[in-house]
Amino acid sequence: MTNYEIARRFEAIADILEIQGENPFKVRAYRVAAETIDDLEDDLATIHERGKLRELPGFGEAIASKTADFLATGTTAIWERIKDAVPAGVVKMASIPGVGPRTAKALWEALEVASVEALEAACREQRVRAIAGFGAAKETKLLEKIEAWKRLNEKMSRRWALPLAEKLAAELRKIEGVERVDIAGELRRGCESIAEIEIVVGITVLISEELKDAQLRVRTEAQKVGGLEWKLEGKYPGLISSVKSGEPEIWVDITDINAFEETLFGCTGPVKFTEQGLVWHDSTPGFLDVSRLTFIEPELRDWPDVLELARTGKLPKLIVEADFKGQLHEHTTWSDGTASVREMAEAALERGYAYLAITDHSPLLAIANGLSRERVLAQLEEIEALRPEFAAQGLAILSGLEVDILKDGTLDMDDDVLEKLDIVVASVHMRYKEDEAAMTARICTALASPHVDILGHPTGRIMGQREGYPLDIDAVIATAAKYGKALEINSSPERMDLCDEHVKLAKAAGVKIAINCDAHSVKSLGNLDWGLCIARRAGLEIGDVLNCWDLKALREWLG
DNA sequence: GCCGTTTTCGGCCCGACTGTTTTCAGTCG
């Protein structure tokens with residue numbers, strides 16, 4: 001099993017134990033193990049071979065032994081024992097924000113509802129309010145939560161769809177006769193939520209009998225992937241095989257390797273784009289539209305005016321990962337990160353960055369071990385002590401804070417402390433259930449503060465779980481423009497906040513964007529892709545993105 | 001289940017919000 005699969009398995013164990021009412025600390029131990037695995041750079045198999053599993057944080061005797069079981073056999077005793085104890089639908093119910101394990105268990109036991117759909121029906125039939133501990137108000141709220149959850153999960157978040165597609169692609173690559181495998185469709189276009197996973201498979205076999213064989217092997221391999229159930233149909237020529245699963249729909253397109261690029265183009269879509277008179281030009285890596293040869297980046301192909309922009313030579317020159325000079329919103333062990341300032345700085349150096357801002361949490365966020373004013377000042381001393389050593393290697397460590405925006409728009413730290421810092425990211429973490437006017441005023445007040453540089457995760461959304469708080473985004477953008485403040489694309493996969501549409505609006509208003517990993521570990525410093533695809537879909541160029549600037553330009557902007 | 005020890009078991013990030021069971025349990029970040 002891969003790291004990813006084992007981590008998901010430990011999470012599944014935690015979910016089930018939690019619903020069963022197990023000791024919450026035991027439940028947490030499994031979750032911590034999953035987090036540790038997600039943060040690993042190396043394969044668990046390699047670590048196990050070296051006999052180092054027990055050295056991983058949160059890995060005691062039990063977790064290490066279960067990990068070894070998973071590596072050797074694909075399962076372990078506790079998983080076999082509990083995997084069927086709680087229906088998957090009940091686990092799903094518990095995952096709906098605001099429901100939780102206790103409530104899911106109570107509903108399951110009292111009404112025998114074992115799926116989100118059954119629970120929704122029970123709410124509509126007013127059967128929930130009859131249960132002890134529930135009432136009409138709770139029933140109404142529950143229905144609202146289910147509806148919000150369904151809206152958010154109509155499509156699969158990129159966060160989950162991409163690993164799934166990569167896993168499938170890796171399996172397909174192992175098949176003999178398969179020359180090339182690429183992910184196409186919405187994923188290639190950088191979409192944040194995915195209705196269809198499309199994968200193009202290029203094969204070398206040209207005889208139809210052999211091709212049939214290859215398809216058979218593809219089918220066999222595909223069935224093994226991700227625990228999904230596959231149904232695969234296909235015929236030659238054209239070789240479009242549809243593979244259906246619950247969510248999202250999965251297409252595997254098998255093509256002769258000589259027609260690979262053309263197929264990849266067609267399967268990348270969207271249909272509106274590919275049908276607009278473009279033909280694949282196979283002698284040049286690009287597409288020949290009627291007037292002019294131009295390669296149009298997949299992320300731009302959803303723009304309604306992209307062909308006109310291409311014809312007139314006005315396509316934006318999209319940023320790539322190599323353009324990034326540093327990162328501006330990271331956490332350390334001072335608050336809720338897992339790496340020290342030094343470790344984060346070393347990781348930034350390894351990535352070739354010229355600067356790194358340390359922005360731990362402010363005191364209100366007690367659960368994240370937010371920093372009091374005294375601790376901010378102490379951290380500042382530590383940073384200043386580390387600076388010469390890292391400056392000599394070409395890395396500037398910027399001091400900062402991710403300061404909470406309080407209910408009235410004031411900041412969770414004294415001005416004289418903020419004044420001493422290089423950079424301040426202001427974010428909302430608490431009391432986000434306010435109406436649009438209040439939340440907009442609150443955020444705009446914060447943006448007006450002379451100390452604030454960047455508005456962190458501006459809408460507060462969590463992919464697949466929580467809609468952003470109600471916000472007049474136009475007013476926020478206008479305020480950011482007025483005071484010369486940047487908005488963040490938070491690049492952590494669970495946030496991806498702002499979305500591409502909002503970023504496009506911000507760019508049009510001349511507002512600068514910071515693309516930040518919001519890293520809580522060394523590994524998550526590499527989470528740039530999630531924000532990068534939003535930036536590229538929004539057409540951002542180097543000039544639009546603060547952390548694509550060199551240190552001098554950044555410092556000038558910070559003032 | 002992990003951890004750090006007073007090496008064998010007690011403590012495990014904590015404060016706010018919500019609905020209702022009206023005094024606290026469940027959930028969230």
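In what follows, every chain begins at residue 1, and chains take the letters A, B, ... in the order their sequences are listed.
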Handout entry: Separation of atom CD in A/E35 from atom C1' in B/dC13, rounded to whole Å
Key =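 In whole Å, B/dC13 C1' lies 13 Å from A/E35 CD.
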
Practice task
Please work out if A/D336 contacts a base, only the sugar-phosphate, or nothing of the nucleic acid, heavy-atom cut-off 4.0 Å.
Solution key: nothing

Problem - Euclidean distance, atom NZ of residue A/K138 to atom P of B/dA25 [Å, nearest integer] - result: 12 Å

Completion exercise
From the candidates B/dG1, B/dC13, B/dC28, the one with an atom nearest any side-chain atom of A/R28 is B/dC13

Exercise for the section: Mark yes or no for whether A/R158, through its side chain, and A/C191, through its backbone, hold a donor-acceptor pair below 3.5 Å. Expected result: yes

Handout entry: Rounded C1' spacing from B/dC14 to B/dT5 in Å
Key =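 Between the two C1' atoms, the distance is 24 Å.
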
Exercise for the section: Round to the nearest Å and state the distance from A/E61 atom CD to B/dG1 atom P. Expected result: 11 Å

Fill in the blank from the handout: Rounded to whole Å, CZ of A/R54 lies from P of B/dC2 at a distance of 7 Å

Exercise for the section: For B/dT7, decide between syn and anti, treating a glycosidic angle within 90° of 0 as syn. Expected result: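 Syn conformation here, the glycosidic angle of B/dT7 being no more than 90° from 0.
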
Practice task
Take the protein atom NZ of A/K105 and the nucleotide atom C1' of B/dA25, then report the distance between them rounded to whole Å.
Solution key: 15 Å

Exercise for the section: May I ask you to check whether over 12 heavy atoms, not counting those of A/K482, lie within 6.0 Å of atom NZ? Expected result: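 For A/K482, atom NZ is not crowded (no more than 12 foreign heavy atoms under 6.0 Å).
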
Could you list the protein-to-nucleotides 7-10 of chain B atom pairs, N/O on both sides, closer than 3.5 Å?
none

Problem - CZ (A/R375) with more than 12 external heavy atoms under 6.0 Å - result: yes

Handout entry: A/A94 vs A/N369, nearer the 5' end of DNA chain B by closest nucleotide
Key =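 Its nearest nucleotide being more 5', the pick is A/N369.
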
Handout entry: Between P of B/dG1 and CZ of A/F25, the distance in whole Å
Key =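 Value for this atom pair: 15 Å.
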
Handout entry: Paired nucleotide for B/dT8 [Watson-Crick or G-U wobble; both distances under 3.5 Å]
Key = none

Practice task
Round to the nearest Å and state the distance from A/F134 atom CZ to B/dT20 atom C1'.
Solution key: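 Interatomic distance, CZ of A/F134 to C1' of B/dT20: 12 Å.
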
Exercise for the section: May I ask you to say whether A/E5 pairs ionically with A/R8, meaning some side-chain N is under 4.0 Å from a carboxylate O? Expected result: no

Problem - Atom C1', compared across B/dT22 and B/dC17: separation rounded to whole Å - result: 16 Å

Exercise for the section: Considering only atom P, compute the distance from B/dC13 to B/dC3 and round it to an integer number of Å. Expected result: 12 Å

Exercise for the section: Using the P atom on both, measure B/dT20 against B/dG26 and round to a whole Å. Expected result: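 Approximately 15 Å lies between the P atom of B/dT20 and that of B/dG26.
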
Practice task
Indicate whether OP1 or OP2 belonging to B/dG19 is found under 4.0 Å from a side-chain N or O atom of A/K141.
Solution key: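 So the side-chain polar atoms of A/K141 do come within 4.0 Å of the phosphate oxygens OP1 or OP2 of B/dG19, strictly under.
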
Practice task
State which of B/dC2, B/dG19, B/dG26 makes the closest approach to the side chain of A/A137.
Solution key: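 So the nucleotide nearest the side chain must be B/dG19.
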
Completion exercise
ring pair (Phe, Tyr, Trp, His ring centres under 6.0 Å) filter on A/Y353, not counting sequence neighbours, yields none

Exercise for the section: For A/A368 and for A/T103, find the nucleotide of DNA chain B with the closest heavy atom, then tell me which residue's nucleotide is more 5'. Expected result: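 The residue whose closest nucleotide sits nearer the 5' end is A/A368.
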
Fill in the blank from the handout: Closest of B/dG29, B/dG1, B/dT27 to the A/H429 side chain is B/dG29

Problem - Phosphate OP1/OP2 of B/dG29: any A/R466 side-chain N/O under 4.0 Å - result: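 Checking A/R466 against B/dG29: at least one side-chain N or O falls below 4.0 Å of OP1 or OP2.
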
Exercise for the section: Identify the two heavy atoms, one from A/P458 and one from A/L471, that lie closest to each other, and give their separation to 0.1 Å. Expected result: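 Answer, listing the atom of A/P458 first, then A/L471: O-CD2, 3.5 Å.
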
Fill in the blank from the handout: Test salt bridge (charged side-chain N to carboxylate O under 4.0 Å, His left out), reference A/E192, set A/R159, A/K155, A/R461, output is A/R461

Exercise for the section: Write down the distance separating the C1' atoms in B/dC12 and B/dT23, rounded off to the nearest Å. Expected result: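 Rounded to whole Å, the distance is 26 Å.
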
Completion exercise
With A/L406 as partner, the option from A/T445, A/L364, A/L411, A/V428 fulfilling side-chain contact (heavy atoms from CB on, under 4.5 Å) is A/L364

Handout entry: A/M93 and its side-chain contact (heavy atoms from CB on, under 4.5 Å) partner, picked from A/L142, A/I146, A/V116
Key =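 Only one of A/L142, A/I146, A/V116 forms a side-chain contact (heavy atoms from CB on, under 4.5 Å) with A/M93, namely A/V116.
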
Practice task
Taking atom P in both B/dG11 and B/dT6, compute the distance separating them and give it to the nearest angstrom.
Solution key: 14 Å

Practice task
Please state how far atom NZ in A/K66 lies from atom C1' in B/dC2, giving the value in whole angstrom units.
Solution key: 12 Å

Handout entry: Touch class at under 4.0 angstrom, heavy-atom based, for A/P24 against every strand present
Key = nothing

